[in-house]
Amino acid sequence: MRYSIRGPRRGPALLATAVALATAAACSGGSSAGPAGSASAPSPGPATSAQPSPTPTRTYPLSSAPRTVPAVRSHEPARGPGWKPAPAGGVVIAANSGGLADEGKLIAGELGIPYRGAVAAGPGDVELALGGTGAPESYTLAVRDGRVRISGPDEAGVFYGTRTLKQSVKATGAMPEGTVNDRPAKPQRGLNVDTARKHFTAAWIEDRIREMGDLKLNQLGLHFSDDQGFRIASDSHPEVVSAQHLTKAEVRRILALAAERHVTVVPEIDSPGHLGAVIAAHPDLQLRSATGRAPRGAVDIANPESARIVDDLLREYAQLFPGAYWHLGADEYVALMAKDPEATYPELARAAKAKYGPSARVQDLATGWLNDRAAVVRPTGKTLKAWNDGFFTGGVVAAAKDLEVEYWTGKEIGAREPVSYLSRGRRMVNLNDEYLYYVLGEPNDFAYPTGRRIYEQWTPLVVRGTSPVPAKYDPQILGARFAVWCDLANSQTPAQVAAGIRLPLAALSQKVWNPAKPTESWDRFRALAERVRG
């Protein structure tokens, strides 16, 4: 409001009082009507000259960083009212940014404001724009003059900017004034779900994808083949598919939602172990020891028919899943867990020598199997992954150099320290079973991981156990996934699994976005995670 100073010959004390009152009102961030908010003046005398009328402007404290999970990495504060959704505002797309229409429609619906498409931004608008030369998945979010502008070099970064806006509004009702510059520390961040041992519906998986998108996680691993089940429909080998499974139409629906939320689905057909569902339909593929023992899930890799059927499935699903990654499995092949593989499985030992020479062992035959399966998928251009216990040293055959190591355990026979892989130049993704394994029923001394423990103790450098690898290997550690394994499938319902992993997944999202020690306490982080979810 304007304060008037009337009358002749105002004394310095009275003028100072009036200005002080005006300044105090301005600094308080608002004005009041009525006597309590007005500067009173004595009755006017004869007018001689009018003093200038000071007009205070509203001032604001410096803004604080938005409240989000994960926390933004950089916020430049500013003075201003920030931004709140209002009926007059909407979401618009900047010039040459038409690919952001999906992101624009999504955030408009979430904020309850209209989507107006490719028009000039006006008062109260949120503008999305492609451009800039920042890191992949980076974005800038600027709030000034009553508007929001989110820009980034790719669509994923702009999408993450809309997640920051959505969460800030959910947490505090507004997006604070200033500029956010944000980017992830790690390129691979996500969740792994064992859908083979326990069937999860398409709707359940889609809910996890929505949750992941809001947490800026970008990778969903689907382990859909194992001893207990094969959970996606097959045209090449329908006989291996379990009664409860996802149809290909459901998979395509999942993939469409994942693409919208910038989540890449990473399929896994684990071999040559964990193939019990395939062996059930093809018992002639079963591996047998010298004494006739038939270890569950292990195919005979000396039998060419084993490779033929697995390769049929690899080719089929590599076409169904368009993403950039494929997981080949390769863990826990029982023949290599024997004290003396060559004596226990003499047929495999003979096949190894026949194929790779007199010095070859069973591990070389298994490594050759892994390389051959990689060769089937490699023409699709996908980046290939395998579990750490599928890599061996000291043999005549080495695993292909382009395979990423998915490190999960140091508990298996012959398992090596992470540095053993990193020192040879391998790139690695962290699935540390000490912190990141949610194993249904908690068998084999597993305990359900807590978000607090991940948040307070774990970083991507902690690959095995509780000790980090040297920081010089950080560039080779590409990220991490939190993994759900359904060993005792009936121990929890799908709803219980979803509830149990919610806070651990939020904690993981914080640590792969920014592995530095969090500034928030766990209790404050947990409360915020609950407030901004959904």
Side-chain angles (χ1 to χ4, degrees), residues 29 60-86 89 91 100 103-104 106-113 121 124-129 132 134-135 137-152 156-185 189 210-217 261-262 455 503 505-534:
Y60 297 87
L62 276 176
S63 60
S64 299
R67 302 272 292 151
T68 63
V69 176
V72 301
R73 300 188 71 179
S74 170
H75 176 254
E76 180 182 339
R79 298 184 188 276
W83 180 91
K84 295 181 180 180
V91 177
L100 297 173
E103 288 76 10
L106 178 63
I107 188 62
E110 291 168 331
L111 296 175
I113 58 178
D125 281 348
V126 175
E127 182 183 37
L128 308 184
E137 300 183 292
S138 66
Y139 68 93
T140 298
L141 189 160
V143 180
R144 64 174 64 92
D145 301 327
R147 303 180 188 183
V148 178
R149 178 179 168 86
I150 303 173
S151 60
V158 176
F159 172 71
Y160 295 142
T162 68
R163 302 305 88 195
T164 293
L165 178 61
K166 173 189 174 182
Q167 287 197 14
S168 181
V169 169
K170 284 182 72 70
T172 65
M175 183 71 203
E177 200 85 4
T179 302
V180 169
N181 286 293
D182 206 10
R183 60 180 176 81
R189 313 174 301 278
R210 294 184 185 96
E211 183 179 1
M212 291 170 63
D214 281 356
L215 293 172
K216 302 184 176 78
L217 300 174
R261 304 304 172 100
H262 297 277
Y455 186 77
L503 286 174
L505 206 58
L508 174 83
S509 78
Q510 175 62 45
K511 303 303 279 290
V512 289
W513 194 264
N514 184 357
K517 182 177 177 60
T519 57
E520 294 272 23
S521 70
W522 165 250
D523 288 339
R524 282 177 57 82
F525 177 86
R526 179 182 59 192
L528 177 62
E530 295 288 5
R531 189 156 65 247
V532 302
R533 65 186 292 255

- Nearest 0.5 Å, what's the OG1-CG distance between Thr162 and Leu111? 8.5 Å
- Task: Using distance alone, with no hydrogens and no angle criterion, decide if Tyr455 and Gln510 have a side-chain donor and acceptor under 3.5 Å apart.
- Result: no
- Can you label the angle between the Tyr160 ring and the Trp513 ring as parallel, tilted or perpendicular, going by 30° and 60°? perpendicular
- Would you check if Lys216 and Pro184 make a side-chain contact, meaning some heavy-atom pair closer than 4.5 Å? no
- Query: Where the side chain of Arg526 meets the backbone of Leu503, is there a donor-acceptor pair that is under 3.5 Å apart?
  - Reply: no
- Message: Tell me whether Arg79 contacts the main-chain N or O of Tyr60 through its side chain, where contact means a donor paired with an acceptor under 3.5 Å.
- Response: yes
- Salt bridge or not for Asp214 and Arg163, using N-O below 4.0 Å? yes
- Query: Does Asp182 use its side chain to pair, donor to acceptor, with the backbone of Arg73 at less than 3.5 Å?
  - Reply: yes
- Query: Distance from Asp145 atom CG to Asp125 atom CG, nearest 0.5 Å?
  - Reply: 12.5 Å
- Do other residues, nucleotides or ligands put more than 12 heavy atoms under 6.0 Å from Arg531 CZ? yes
- Query: Short question: side chain of Ser168, backbone of Leu165 - any donor-acceptor pair under 3.5 Å?
  - Reply: no
- Message: Return the CE to CG distance between Met212 and Leu505, rounded to the nearest 0.5 Å.
- Response: 7.0 Å
- Query: Within the distance-only criterion (no hydrogens, no angle test), does the side chain of Arg147 pair as donor or acceptor with the backbone N or O of Ala121 below 3.5 angstrom?
  - Reply: yes
- Query: Would you call Lys170 and Glu110 a side-chain contact if the rule is heavy atoms closer than 4.5 Å?
  - Reply: no
- Check for a donor-acceptor pair, side chain of Ser63 on one end and backbone N or O of Ala78 on the other, with a separation under 3.5 Å. yes
